[in-house]
Each structure stands twice: as structure tokens, then as C-alpha cells.
Amino acid sequence: MRFMVLVKASEDSEAGAAPSAELIEQMGRFNTELAESGHLVQAAGLTPSSAGARLLWFDGDAEPSVVDGPFAETKELVAGVWILEGESLAEIVELMKRAPNPDRQAGTVEIRPLSAEL
């Protein structure tokens with residue numbers, strides 16, 4: 001079963017601030033462990049929302065409206081993702097509890113099973 005792990009954005013990530021060298025090093029080791037254990041399918045960080053766009057469909061509209069970033073409400077944005085393979089949500093939760101946070105920053109990681117492929 002595959003799971004998407006969403007790392008919620010912060011003011012720093014939305015400002016385009018680079019992670020600390022320590023975090024980059026620890027995250028590299030963590031991702032290597034996930035890959036070697038067979039859990040890692042893909043991992044990526046995202047650029048700030050100022051580099052993105054949203055498409056909005058309204059009732060009756062044939063074409064979506066395009067809204068360029070940046071977007072408000074940092075707490076609702078995503079700064080990075082992992083796609084992980086595992087047997088259960090509990091297994092992935094236990095794996096992600098080991099994710100590094102050397103700077104002890106407040107944050108949120110959301111874990112959701114992927115539905116069947118379309």
C-alpha cells in the first residue's frame with residue numbers, strides 16, 4: 001500500500017529560506033534509510049507557493065480561472081512530500097516519527113493512504 005506524506009509549509013519555507021546544513025545532512029541519511037528498507041518510492045521538496053499557480057473551477061465555468069501564487073494561509077500549504085510503501089498506516093506513522101528535526105521547529109506532517117490508481 002502506498003502513502004503520501006505531506007510536510008506542511010512554514011513561514012521560512014514560503015520565504016524560500018534554505019534548510020539548515022544539519023537538516024539537509026540528516027534528511028539525506030533518513031531518505032537513504034527509507035530507500036534501503038524498501039519504503040521510499042519518491043521524495044521531493046517544493047518551491048514556495050510564489051512560484052506556483054492554482055486552477056479554480058466555478059459552477060458552470062468551462063474553463064478554470066488561474067490564480068498565481070503566492071497563496072495566503074501558510075498552514076494550508078505543502079513544502080515537501082514523500083511517497084512511501086508500507087503495510088499499514090501505523091507502520092508509516094512509526095517510520096515518520098524518526099524523521100529528523102534538528103532545529104526543533106514546530107511543524108506538521110500529514111500521512112494519507114493513496115487510493116487505487118485511476
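This structure is a prediction, so every number in the text was calculated from the model and none was measured.
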*side chain to side chain contact (heavy atoms under 4.5 Å, CB included) between Phe30 and Met96, intermediate numbers included*: CA-CA 10 Å; Phe30 182 65; Met96 293 312 300; 4.1 Å; yes

*Say whether Met1 and Leu34 are linked into one hydrophobic cluster, either directly or through other cluster members, by side-chain heavy-atom distances under 4.5 angstrom.*
yes

*Which atoms form the tightest heavy-atom contact between Ala53 and Val66, and what is the distance?*
CB-CG1, 4.3 Å

*Which pair of non-hydrogen atoms, one from Ile24 and one from Pro19, has the smallest distance, and what is that distance?*
CD1-O, 3.7 Å

*Decide yes or no for Val109 and Lys8: does some side-chain heavy atom of the first lie under 4.5 Å from some side-chain heavy atom of the second?*
no

_Carboxylate-amine/guanidinium proximity below 4.0 Å for Arg29 and Glu33_ = no

*Contact check, side chains of Val5 and Glu110, non-hydrogen atoms, under 4.5 Å*: no

*Which pair of heavy atoms, one from Ser13 and one from Ser10, lies closest together, and at what distance?*
OG-N, 2.8 Å

*Would you list the pairs meeting side chain to side chain donor-acceptor pair (under 3.5 Å) in which at least one residue belongs to residues 44-54, sequence neighbours left out?*
Glu14-Ser49

*Yes or no on side chain to side chain contact (heavy atoms under 4.5 Å, CB included) for Val7 and Val81, after CA distance, side-chain angles and deciding distance?*
CA-CA 6 Å; Val7 179; Val81 297; over 6 Å; no

*Side chain Thr32, main chain Gly28, donor-acceptor under 3.5 Å*: yes

*Going only through I, L, V, M, F, W and Y residues with side-chain contacts under 4.5 Å, is there a path from Val67 to Val78?*
no

_Return the CD to CE distance between Gln42 and Met4, rounded to the nearest 0.5 Å._
8.5 Å

*side chain to side chain contact (heavy atoms under 4.5 Å, CB included) assessment of Leu114 paired with Phe3*: CA-CA 5 Å; Leu114 294 177; Phe3 297 85; 5.9 Å; no

*same_hphob_cluster(Leu55, Leu46) at 4.5 Å side-chain heavy-atom cutoff*: no

*Side chains of Leu84 and Arg2: closer than 4.5 Å at any heavy-atom pair?*
no

*When rounded to the nearest 0.5 angstrom, what distance separates OG in Ser37 from CG in Leu95?*
6.0 Å

_Any heavy-atom pair between the side chains of Pro64 and Leu56 that's under 4.5 Å?_
no

*Under a 4.5 Å cut-off applied to non-hydrogen side-chain atoms, are Leu6 and Trp82 in contact?*
no

_Could you report the tightest heavy-atom contact between Pro100 and Leu23, atom names first, then the distance?_
O-CD1, 3.9 Å

